[in-house]
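The structure under discussion appears below in the form of structure tokens.
Sequence positions, counted from 1, serve as the residue numbers for this chain.
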Amino acid sequence: MKETKTNNAPAAIGPYSQAITVGNLLFTSGQIPINPATGEIPEGIEAQAKQALTNVKNLIEAAGGSMDNVVKTTVFIKNMNDFAAINEIYAEYFTEPYPARSCVEVARLPKDVLLEVETIVEL
């Protein structure tokens with residue numbers, strides 16, 4: 001088991017790793033839309049989706065992978081009415097064949113953000 005850390009994604013805000021590699025699989029912890037340079041959270045679902053997915057991308061690249069290597073994502077959203085807007089942003093980060101995905105609405109997320117994204121990546 002190997003830990004991946006990068007300053008280009010938010011630091012863990014609890015007792016967990018940003019990402020762990022086991023064999024040729026990278027498991028990222030959920031990435032929320034915190035700008036790692038400023039610590040700020042952008043406003044609006046589109047800006048938050050872009051920031052969360054950029055954080056995911058930066059973490060995957062720090063481990064030596066790319067977004068093309070993502071095999072599974074889980075997206076946690078605060079409001080299912082944001083599903084279409086999130087899909088538009090999501091499609092900017094992934095190409096066909098798209099990774100398998102689960103998307104669930106949740107009552108609350110850390111720091112009251114609007115979404116969180118985690119991935120499984122084949123390195």
Using the rule that Ile, Leu, Val, Met, Phe, Trp and Tyr join whenever any side-chain heavy atoms are under 4.5 Å apart, tell me whether Val75 and Met80 fall into a single cluster.
yes
Heavy-atom count around Glu43 CD within 6.0 Å, excluding the residue itself: above 12?
no
Same apolar cluster (I L V M F W Y, side chains within < 4.5 Å links), Leu25/Val117:
no
Determine the minimum heavy-atom distance between Glu116 and Leu109, stating which atoms define it.
OE1-CD2, 3.4 Å
In short, Lys5 meets Ala62 closest at the heavy-atom pair O-CB, 4.5 Å
Taking the side chain as every heavy atom from C-beta outward, state whether Ile32 and Pro110 have any atom pair closer than 4.5 Å.
yes
Looking at side-chain heavy atoms only, is the closest gap between Leu114 and Ile77 below 4.5 Å?
no
Of all heavy-atom pairs linking Pro42 and Gln51, the shortest is CG-CB, 4.0 Å
If you take all heavy atoms of Met67 and Lys57, which pair is closest and at what distance?
SD-CA, 3.7 Å
Nearest 0.5 Å please: distance from the OG1 atom of Thr74 over to the CD1 atom of Ile120.
6.5 Å
Side-chain donor/acceptor of Asp82 to backbone N/O of Ala85, under 3.5 Å
no
Does Tyr93 belong to the same Ile/Leu/Val/Met/Phe/Trp/Tyr cluster as Ile86, with side-chain heavy atoms less than 4.5 Å apart forming each link?
yes
Taking the side chain as every heavy atom from C-beta outward, state whether Thr4 and Leu26 have any atom pair closer than 4.5 Å.
yes
What I'd like to find out is whether the side chain of Pro10 reaches to under 4.5 Å of the side chain of Gln31, using heavy atoms alone.
yes
Is there a side chain to side chain contact (heavy atoms under 4.5 Å, CB included) between Ile41 and Asn35? Walk through the geometry before answering.
CA-CA 6 Å; Ile41 298 169; Asn35 180 318; over 6 Å; no
Taking the side chain as everything from C-beta on, heavy atoms only, tell me whether Phe27 gets closer than 4.5 Å to Thr119.
no
Test item: Phe76 and Ser102 side chains (from C-beta on) under 4.5 Å apart, heavy atoms:
no
Flag the pair Tyr90 / Arg101 as yes when at least one side-chain heavy-atom distance between them is below 4.5 Å, and no otherwise.
yes
Are side-chain N/O atoms of Tyr98 and Thr73 paired as donor and acceptor at under 3.5 Å?
no
When rounded to the nearest 0.5 Å, the distance separating OG1 of Thr54 from CD of Glu92 is 9.5 Å
Are the side chains of Ile34 and Glu40 in touch, meaning some heavy atoms are under 4.5 Å apart?
no
Closest heavy-atom pair, Leu123 versus Ala63, reported as atoms and distance to 0.1 Å, is CD1-O, 3.9 Å
Once rounded to the nearest 0.5 Å, what's the spacing between atom CG of Asn55 and atom OG of Ser29?
12.5 Å
Counting N and O atoms only, with roles assigned by atom type, does the side chain of Asn58 sit under 3.5 Å from a partner on the main chain of Asn8, one being a donor and the other an acceptor?
yes
Is the backbone of Leu59 close enough, under 3.5 Å, to the side chain of Thr6 for a donor and an acceptor to pair up by distance?
no
Which is it for Asn79 and Glu105 under the side chain to side chain contact (heavy atoms under 4.5 Å, CB included) test, yes or no, and what are the steps along the way?
CA-CA 6 Å; Asn79 185 340; Glu105 182 180 69; 4.1 Å; yes
If Ile, Leu, Val, Met, Phe, Trp and Tyr residues are connected whenever their side-chain heavy atoms lie under 4.5 Å apart, and connections chain through other members, are Ile20 and Ile13 in the same group?
no
Hey, what do you get for OG (Ser17) to CE (Met1), rounding to the nearest 0.5 Å?
7.0 Å
Before giving the answer on salt bridge (Lys or Arg N to Asp or Glu O under 4.0 Å), spell out for Asp112 and Arg108 the whole-Å C-alpha distance, their side-chain angles and the decisive distance to 0.1 Å.
CA-CA 6 Å; Asp112 291 319; Arg108 194 166 180 203; 2.6 Å; yes
Verify salt bridge (Lys or Arg N to Asp or Glu O under 4.0 Å) between Glu46 and Lys50, making sure each step is shown before the conclusion.
CA-CA 6 Å; Glu46 290 88 357; Lys50 285 180 183 180; over 6 Å; no
Assigning hydrophobic clusters by single linkage (Ile, Leu, Val, Met, Phe, Trp, Tyr; side-chain heavy-atom cutoff under 4.5 Å), is Phe83 placed with Ile45?
yes
Can Glu118 and Thr28 be counted as having a side-chain donor-acceptor contact under 3.5 angstrom?
no
